[in-house]
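To start, the structure itself, in C-alpha cells.
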Amino acid sequence: MKKILFTLFLSVSMIVGFGQTQPMKFMGIGMNSTLSTFVSKLKGKGFTEDVNHCKPNLTVMKGVFAGERVKLEVRSSAKTHLVYSVNVYFNLSTQFTYADLQGRLANKYGTEYQEVNNLKEEQFIVKYTTDYTKWVMDVDTLTQDHNTVILSKCSYNSTAPVVITYMDGKNSKVEMLDVNSDF
C-alpha cells in the first residue's frame with residue numbers, strides 16, 4: 001500500500017512539475033524573487049542603484065551588461081513584490097546594433113521568434129518602438145503563462161536606441177490581473 005501511494009504521489013508531482021514554467025532569469029538571477037533580493041543580487045554583480053529615479057515597485061540601476069554600460073529598470077508586482085520584468089536600456093554610444101543583438105538573442109533563445117517592423121509610434125513595452133522581436137519560451141501547459149524576451153528598436157524621443165525586456169510569465173500575469181482588477 002505504501003509503495004502504491006508513494007508511486008501515485010511521485011507521478012502526480014512529476015506531471016505538475018512538467019507543466020510549470022521555470023522562472024525567467026536575468027544574468028543568472030531568477031526573477032521569482034522579491035525586488036529587494038533581486039536588487040541585492042544585482043549589486044553583487046557590480047550594478048549600482050540610481051536612487052533619484054526609483055519609485056515603489058521600480059528600481060533603476062546602472063552597470064555593465066554584455067560589456068556595455070546600461071541602465072536597468074527592474075519592476076515588481078505591487079501585491080506580491082516579485083520581480084516581473086527587467087528592461088535593459090543601451091546607451092546611444094553602444095557598439096551593438098539592433099541586428100547584432102537580435103543575432104545574439106537568437107543564438108541564446110532560438111530562431112523561432114515573432115518580428116514586427118515599421119510600427120508607427122505605438123506604445124508597447126517601450127514608448128516609440130519602431131521594430132521589435134519577441135521570443136516566447138517555457139509555455140506552462142496548465143495556465144498558458146510564458147516567459148518572454150523582447151528586443152525593441154526605439155525611434156526619436158528616446159535616449160536608448162535598443163532595449164531588451166525580460167518578462168517572467170507567471171509574475172507578469174499576476175501583476176496584470178492586479179492592475180486590471182479595477183476595470
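Any value given below was found using the heavy atoms of this structure, including those in side chains, with hydrogens, waters and symmetry copies removed.
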Determine whether a donor-acceptor pair (N or O, by modelled atom type, separation under 3.5 Å) exists between the side chain of Lys134 and the backbone of Thr148. no

Sorted by chain and residue number, the side-chain hydrogen bond (donor to acceptor under 3.5 Å, both in side chains) partners of Thr94 (sequence neighbours excluded) come out as Glu68

Open item on the list: Keeping Trp135 on the side-chain end and Ile150 on the backbone end, is there a donor-acceptor pair under 3.5 Å?
Closed with: no

Margin query: For the backbone of Arg104 and the side chain of Asn107, can you confirm whether one donor and one acceptor N or O come within less than 3.5 Å of each other?
Written below: no

Checking Glu73, Lys71, Met167 against Asn87 for side-chain contact (heavy atoms from CB on, under 4.5 Å), the one that qualifies is Glu73

Give a yes-or-no answer on whether the side chains of Thr34 and Thr37 include a donor-acceptor pair shorter than 3.5 Å. yes

Might you confirm whether atom CD of Gln95 has over 12 heavy atoms from other residues, nucleotides or ligands at distances under 6.0 Å?
-> yes

### Query
Would you call the rings of Phe90 and Phe65 parallel, tilted or perpendicular if under 30° counts as parallel and over 60° as perpendicular?
perpendicular

- Is a side-chain donor or acceptor of Asn91 paired with a backbone partner of Arg69 at a separation under 3.5 angstrom? yes

Should Leu35 and Met27 be regarded as members of a common hydrophobic cluster, given that ILVMFWY residues are connected when their side-chain heavy atoms come within less than 4.5 Å of each other, either directly or indirectly?
yes

Rounded to the nearest 0.5 angstrom, the CG-OG distance for Asp131 and Ser152 is 9.5 Å

With no hydrogens and no angle check, do the side chains of Tyr98 and Thr133 hold a donor and an acceptor under 3.5 Å apart?
yes

Tyr166 and Ile164 have their tightest heavy-atom pair at CE1-CG2, 3.3 Å

**Item:** Within-4.5 Å side-chain heavy-atom neighbours: Leu72 and Lys62
**Value:** no

Does Phe26 belong to the same Ile/Leu/Val/Met/Phe/Trp/Tyr cluster as Leu82, with side-chain heavy atoms less than 4.5 Å apart forming each link? no

